[in-house]
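Here the structure is a predicted model, which means the values were calculated and not measured. A, B, ... follow the sequence lines: proteins, then strands. Residue 1 opens every chain.
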Amino acid sequence: MSSPTPRRSPFGAIESAQPPPHEGQLFERPFLTHVNLRLDSADSEALAAIQQMLGVQLPLTPNTTAASQGLLAIWLGPDEWLLLAAQDYSEALASDLQAALTGHVASIVDISSGQTVIRLSGPSALDVLARGCALDLHPSVFPPGACAQTMLARAQTLLIAVDLTPTFDIIVRRSFAPYVAAWLKDSARQFGLHFPTTATPGTTLA
Amino acid sequence: MQFYSLPNLIRRGLRGHRDWTPAWRKAEPKPSYDVVIVGAGGHGLATAYYLAKLHGVSNVAVLERGWLGGGNIGRNTAIVRSNYLWDASAHIYEFSLKLWESLSQELNYNVMFSQRGLLNIGHSEQEMRDLARRVGANQLNGIDAELLSTDQVSKLVPILNTSPDTRYPVLGGTLQRRGGVARHDAVAWGYARAADALGVDIVENCEVTGIRTANGRVTSLETTRGEIRAGAVGLVVAGNASVLASMAGIRLPILSHPLQALVTEPLKPVFDPVVMSSAVHVYIHQTDRGELVLGAGIDAPVSYDLNGNFRIIEHVLAAVCELFPIFSRVRMLRQWAGTVDVCPDASPIISGTPIKGLFMNCGWGTGGFKATPGSGWVFAHTLAHQEPHPLNAPFSLDRFTTGALIDEHGAAAVAH
Amino acid sequence: MSQPFRLDHGGRIHRDAPLQFTFDGRPIDAFRGDTVASALLANGVSLVGRSLKYHRPRGIVSAGAEDPNAFVQLGHGARTLPNRLATVTPATPGLEVRHVNAWPSLDFDLMSAFGLAAPFIPAGFYYKTLMWPRRLWPLYEHFLRHAAGLGHAPNAPDPDRYDHVHAHCDVLVVGAGPAGLAAARAAAQTGARVIVADEQAEFGGGLLATAERVDALPAPQWADVAAAQLSSAPGVTVLPNTTAFGLYESNLVLLAERLHSDQPDNAGSESGARVWRVLPKQIVLASGAHERPLLFANNDRPGVLLAGAISTYLNRYAVAPGSRAVVFTNNDSAYRTALDLADAGVPVAAIADVRVDPDGNLPAQARAQGIPVHTGAVVVQAHGRGRVAAAELCSLDGAPLGTVECDLLGVSGGFAPALHLHAQASAPMTWNPEVAAFAPQPSHGIHPAGAVTGQLDLASVLRQGTAAGTAAAAAAGCSNGHTPAAPQAAETPTSDLKPYWLPPGELARTKPQFVDLHEDVTLDDLRLSLREGYESIEHVKRYTTLGMGPDQGKLANPLATGVIAELLGRDPATVGTPRHRPAYSPVSLGAIAGRHIGPLADPVRVTPMQEWHESAGAHFENVGQWRRAWYYPHPGESMHEAVARECLAVRNRVGILDYSTLGKIEITGPDAGEFLDRVYTNAWKRLRPGRCRYGLMLGEDGMIFDDGVTARLDDQRYLMFTSTSNAAPVLAWLEQWLQTEWTDLRVYLTSVSEHWSNIALAGPRSRDVLAAAGTDIPLARDDFPFMTFREGHVAGVPARVFRISFSGELSYEINVPADRARHVWEALLDAGRSFGITPYGTETMHVLRAEKGFIIVGQETDGSVTPDDVGLGRLLSRRKDFLGKRSLSRPDSARPDRKQLVGLLTDDPALVLPEGGHVVDAPGRRRPLPMRGHVTSSYFSPVLGRSIALAMVSGGRAALGERLYVATLHDDRWLPVRSCHPVFYDPEGARQHV
Amino acid sequence: MLLIPCPWCGPREDDEFTFGGEADIPRPADPAALTDEQWADYLFMRDNRRGHHREQWYHTAGCRRWFIVERDTVTNEILGASTYGDSQ
């Protein structure tokens, strides 16, 4: 059941009936469904059940993702995935997974509130990220559909290559929002990008 | 031994300094010694000196794999202090500090021991609690220590950024006025020269390749310059303790890590005391040459590599620029690393071993340089009497079996 | 007349862009494209500094980063740049340049009095004196300190920011001289991703200073074309003004790109410099070579320049560094300089060539031009004080050959490869007799090319570079079949270099001959060092300070190796060279720190309630990376007053605490209970779903590692709370046991610390507030007893509510999804208003738990404390093993005199003991005075109306009630206390059960 | 800077990892049965080898797997990596 009370995203967005229009090359994609899934990748029955349910095979190749309608399955580890889906889907998704995996050793945990997605898109995206990310994100090495958990400056992050614009989705942990916001504003400013956050918690620290 | 003094300097200067003789002989190893010390670093040479000076044992050899003083004595940041938390550490470091205070005269070699004061700063409530605890312990142990407010810190080092809105606000500090720095190479050279004058053989380029024992007792050392028989053997090889011990089949509770340091270009004097911050793993002082000397935290992985991990330099310098904003435009000249042997409790081992006649002085972690005179003094006693001096009795190898650890992580400049 | 030494044609300076800067206040005319050094030379300024020790007059020696003399101070105030090299600093309008290390002025330097004392202050003199009387050392040192040092640090924080960039490529080319350009071109043609960096503003290196031709073009022009092609080539990044200063393991190469940082007048630039962290697949090392000086008396006089530098000033900057020259060499290259001088109309009075029969092309050309060439001849002394006035020549066997007047003396002792980066990485190098220097060997994906290999002939260098670029690209997996052709240049047959280290005879003995100009290390200093037994190259370096200046001995060390070898009669290869250390050229601390300063120094972590805390006027404390609300002062309230108010509110009514920072780990799987049994000291399998339990976690050494409450959510799921600062370490530690040791356990761990915010309601009215806020959870005491948890809704939000207490009061810890935590927080405050709800911070939390004798890991414990020490022995299960259990039966863990947790009550109830204060049996003057323990926590307890303290006291538990003293020696007081049971309030624990 | 070859994620810079010390130190099956010396050996004594070293790493910022790296502790050259799955 969805609660009537409005949600607040880590970067200060307030939940509304229709999601905010996404403009520009740098913006938060708040309130998406993030579900953490753990199960033994040798449990082919479980994998089949998941594929049945999600319409997509969980990616077994490290640092890759698999997409189905409205849902992205992201490899986090040999027995761990992140399922990224539309707003307000978390409880349904979690309970469907529970049902699908009855009798299997698995862990299904909703962590939607614990992290958020930042989308960075445009010709300077690689330059912005190169200020703080040690990975080689050149499309020849990190093509669309690739993902990586790594450090962005001094914050842990999950990077997903979306398209060849290039476009990246950057998943960050909630409590790091002030730091990531400050870092993004600083790095993006050098390339004329603006990171719109209705509020930056902790600005009194900066 | 040629006496070092201003008159002699002038007299010989008039003759073009042509008649100075070597500070120590290049000794050839004899087949047998009463005591053989492995490692011609500060601790090893000091041990040899006090053996000959205080215990009448002068049939002593100091074996060095490379060049004398080429280990940690030549790589450290030369800080001297005694403000340690636990009684056992406080007593041995304070004893050492007292020896420092007259070392130049003792050795007739100016080691430039400079008591410019040593300031530890705290950045959090818990850190201030720990500093207060340490100061209290120091005072009751008869060690000079003062707890300072932020204002007092700022008066002492005006260029330190003490504004409350920095990432690492300075909530206060502690000061040991008798702490300071010394010229590290001179300590090795001074002890070598003084020990040599008392008949000690210092043998460079002589690597120990094996330790021979017979019915539980050490008999001789295999070296790249032949076998050398020994009545007693002292291993004093910082950065190599586990390797040497393993030659005698001994496993140690030691992990070896790179510890990095760097110097900047020389500047006219900008601040006097040594400043240390455990929270951000920084220690910094300005040498008499004008360079800023900075020490960093240790690299986490076990390693004997002498280059070090640049990431640590990045972190340290970020912290330094936060604490000392005017140093941002000053430039790093040289960066290097040494290998520190760290015990689980960040305290040393000065002890006998399961093998009779084989003694170890190791595991000083980041604390070795300041302990040089005291360590040599008590280790000489231990070798001469075949049993520890009360000052080093607590630092035995078997404390790791009984559990009587001396946990100084808090007092070490860097949190291991 | 302005710029008397500027040639009226040629060079790469922009004569259409004149500019002016000042040197010690004196205006200096220059052109865009000049360096400060070339402009000073053009204006006939030969004296640029004073030497470090003897304060001898010094001039410009080189045209690059290797110069030992040309250190100057740029700008002033916060933006000043100490110790910058005039030879690499671009001349810019209004630049303020000042000398360093002379007083009162450069021309009249009182400190040159040190020169008179020179005979008595040789290398290491300070080790031999200044020892008596002992108490005077601080005075001596004060004098030494103020005499030493060069430039001045800025006097205010740096207004510039610096940048960091991570970069990856197939081939990194270090150096854009002929070899580097050829290599970069070749690599680029294979389609490789290439980065090419050069420390100079213009690519070309030596090409910019030679009259030779490449591919039929004048060399400088070819360099321009090649540079232009590279910058427009896809996948190629060109970085001028960029010095490769460090090569580390994994072949991480660090580049420092100068943007504005050498321009002190460029205020507050966004990026003063940029450090590139490059991880290349392959490296082409084309870092060139440094010309080696030669030894003779007064070889430090202004006007003595490296021959190659003279060619650079002539050809690149159109500056003649003198009006009448003598050239002293042991190889062919200096003849090119002689020819350049002749072309520029500067008469070359003599060439002294160490070699007996130099038969290369260049010597022939020089002779053809009528330049007097003395073979088998050397310069033994430079005459003149402020500047060289004549060169004294003699034959190799010491026979005088007369004195030749000159104001410019070009020297060349051959070229020593600039292998610094290579050597930093401990890559192999060998002695190359052809250049009488160490040269790098290829290794670990490093391809040396050009002068760094000892190769000096342009045609060969270009071929070498092309081959290296091709090979590097191939090794990086880039190849498109065709092998690029090497640029063409004329071969120049040369005659061999003849190593020359020591001057013949004793003639020069009377005058200083400098091996290291910056450190004022003379030949006699080296002799003294060896004489006293400091023979290892590292001993010589440390004893004489050879090569320890800001120039890092780039010129001195290669010379010293040969000199020492000859003095010891040894093979130079066995003498070696001092270990090369990063940085190749100095790099500012700010540039290395990059953006990791100010707000980006270290992440500050906050909870969803942060803005609310800020608007409520909270004061904050740092707890690890977290910023936590410390207390909420009302206007005019002191901390003490605010905390007292908050404490009483919780004890008498209700308080609300943001406790979201606690670590939270969801533990799932059939073996979860067994897993908890192994990591916690107490038993878990029998804990019923819906119930909570307090657990202690030990390290294998038996010492307390972490503590917290864990709840059983359902049959196979637990939720573990960890302390705030241990959240990450505990998770890593649990995963380690599961993944490496107990791989048979079917357990999954997932961190939910960020998903669930934790709001604590505490106080007798908390049940009323929770009810008023609206919840579907039955709250009656028996429906929802102490140490249980319920799932439901609070204020319309899905919630997990735990009836646990860190204050000893009736308390609910309400976990809600962080997205809605702010809403719930405010709903509870609204609901609680009529009950007098009061937000409280970490300080009040600490007071409340101390009143109850609850420990805080890291405050009561310090890594040397066992469960029994803090009175929690009852939590040690006897029936099962657990991590750390075995350590608790070691002799020391069983000592009766271990420090144990007790309470302390001061005789004076108003007196709050200092935390960290030490506990003794009785006051005493004796030192050391035995200590019984120390105060771990100390507060004023408002509810008790007196101070309370927790302490760890040796043997304390057995002697409760004993008289003890806490020492505060700074004011020489001994505070009398009595020990007591560490629970001060509600000892029977009734309040939390209501 | 070490490039740690995570068997799952590939080579990554070392700030993504936590060093876990010497590998192959199994926890004694029955600690209670050990002498203090034997327990101390498990607890504290290490080979601390100069040269070839088998060690544990945890990919903290990545896949959260513990794995084994083989490294030369003098040159820091990485000689190999394996998962606990492989090595069992």
Engaged part of B/Thr401 at the chain C interface, taking heavy atoms whose separation is under 4.5 Å | backbone

Given that the side chain runs from C-beta out, which part of B/Gln115 has a heavy atom under 4.5 Å from chain C: side chain, backbone, both or neither?
-> neither

B/Phe113, part contacting chain C, at a heavy-atom distance under 4.5 Å = backbone

Side chain / backbone / both / neither for B/Asp288 at chain C, heavy atoms under 4.5 Å = both

Please state whether the side chain, the backbone, both or neither of C/Val920 comes within less than 4.5 Å of a heavy atom of chain B.
-> side chain

Looking at B/Phe3, B/Phe327, B/Trp20, which has the largest count of heavy-atom pairs under 4.5 Å with chain C?
-> B/Trp20

Any donor-acceptor pair under 3.5 Å from B/Arg334 side chain to C/Pro586 backbone = no

Would you please say whether a donor-acceptor pair under 3.5 Å links the side chains of B/Gln335 and C/Arg581?
-> no

Against chain B, label C/Leu530 side chain, backbone, both or neither, depending on which of its atoms sit under 4.5 Å from a heavy atom there.
-> neither

Between the side chains of C/Tyr126 and B/Arg183, is a donor N or O closer than 3.5 angstrom to an acceptor N or O?
-> no

Measure B/Thr21 against the heavy atoms of chain C and call it side chain, backbone, both or neither at under 4.5 Å.
-> backbone

Taking C/His152 for the side chain and B/Val270 for the main chain, is one N or O donor matched with an acceptor at less than 3.5 Å?
-> no

Got a donor-acceptor contact below 3.5 angstrom from the C/Glu538 side chain to the B/Gly70 backbone?
-> no

Is a salt bridge present between C/Glu915 and B/Arg133, judged by a nitrogen-to-oxygen distance below 4.0 Å?
-> no

Donor-acceptor contact below 3.5 Å, side chain C/His918 vs main chain B/Ala137 | yes

Bottom line for C/Ala78: the part with an atom under 4.5 Å from chain B's heavy atoms is backbone

Backbone N/O of C/Arg927 and side chain of B/Asn141: donor-acceptor pair under 3.5 Å = no

Contacting region of B/Asn205 [heavy-atom separation from chain C under 4.5 Å] | neither

Of the backbone (N, CA, C, O) and the side chain (C-beta and beyond), which part of B/Leu171 lies under 4.5 Å from a heavy atom of chain C, both, or neither?
-> neither

Taking the side chain from B/Gln105 and the backbone from C/Met131, do they hold a donor-acceptor pair closer than 3.5 Å?
-> yes

Can you tell which of B/Asn307, B/Asp305, B/Leu306 makes a side chain to side chain contact (heavy atoms under 4.5 Å, CB included) with C/Ser426?
-> B/Asn307

Does C/Arg79 reach the side chain of B/Arg329, with side-chain heavy atoms less than 4.5 Å apart?
-> yes

Any donor-acceptor pair under 3.5 Å linking the side chain of C/Glu621 with the backbone of B/Glu125?
-> no

Heavy-atom contact with chain B under 4.5 Å, split by part of C/His164 | side chain

Can you say whether the rings of C/His596 and B/His315 are parallel (under 30°), tilted (30 to 60°) or perpendicular (over 60°)?
-> parallel

Is a salt bridge present between B/Arg399 and C/Asp892, judged by a nitrogen-to-oxygen distance below 4.0 Å?
-> no

Ion pair present between B/Asp19 and C/Arg531, side-chain N to carboxylate O less than 4.0 angstrom?
-> no

Are B/Trp24 and C/Tyr534 an aromatic pair by the rule of ring centers under 6.0 Å?
-> yes

Backbone N/O of C/Ala148 and side chain of B/Lys268: donor-acceptor pair under 3.5 Å = yes

Examine whether an atom of B/Gln2 lies under 4.5 Å from a heavy atom of chain C, and if so say whether it belongs to the side chain, the backbone or both; otherwise answer neither.
-> neither

Heavy-atom distances under 4.5 Å only: say whether B/Pro344 touches chain C with side chain, backbone, both or neither.
-> neither

Has the side chain of C/Glu141 got a donor or acceptor atom that lies under 3.5 Å from a matching backbone atom of B/Ser114?
-> no

Does the side chain of C/His539 come within less than 4.5 Å of B/Trp189's, by heavy atoms?
-> yes

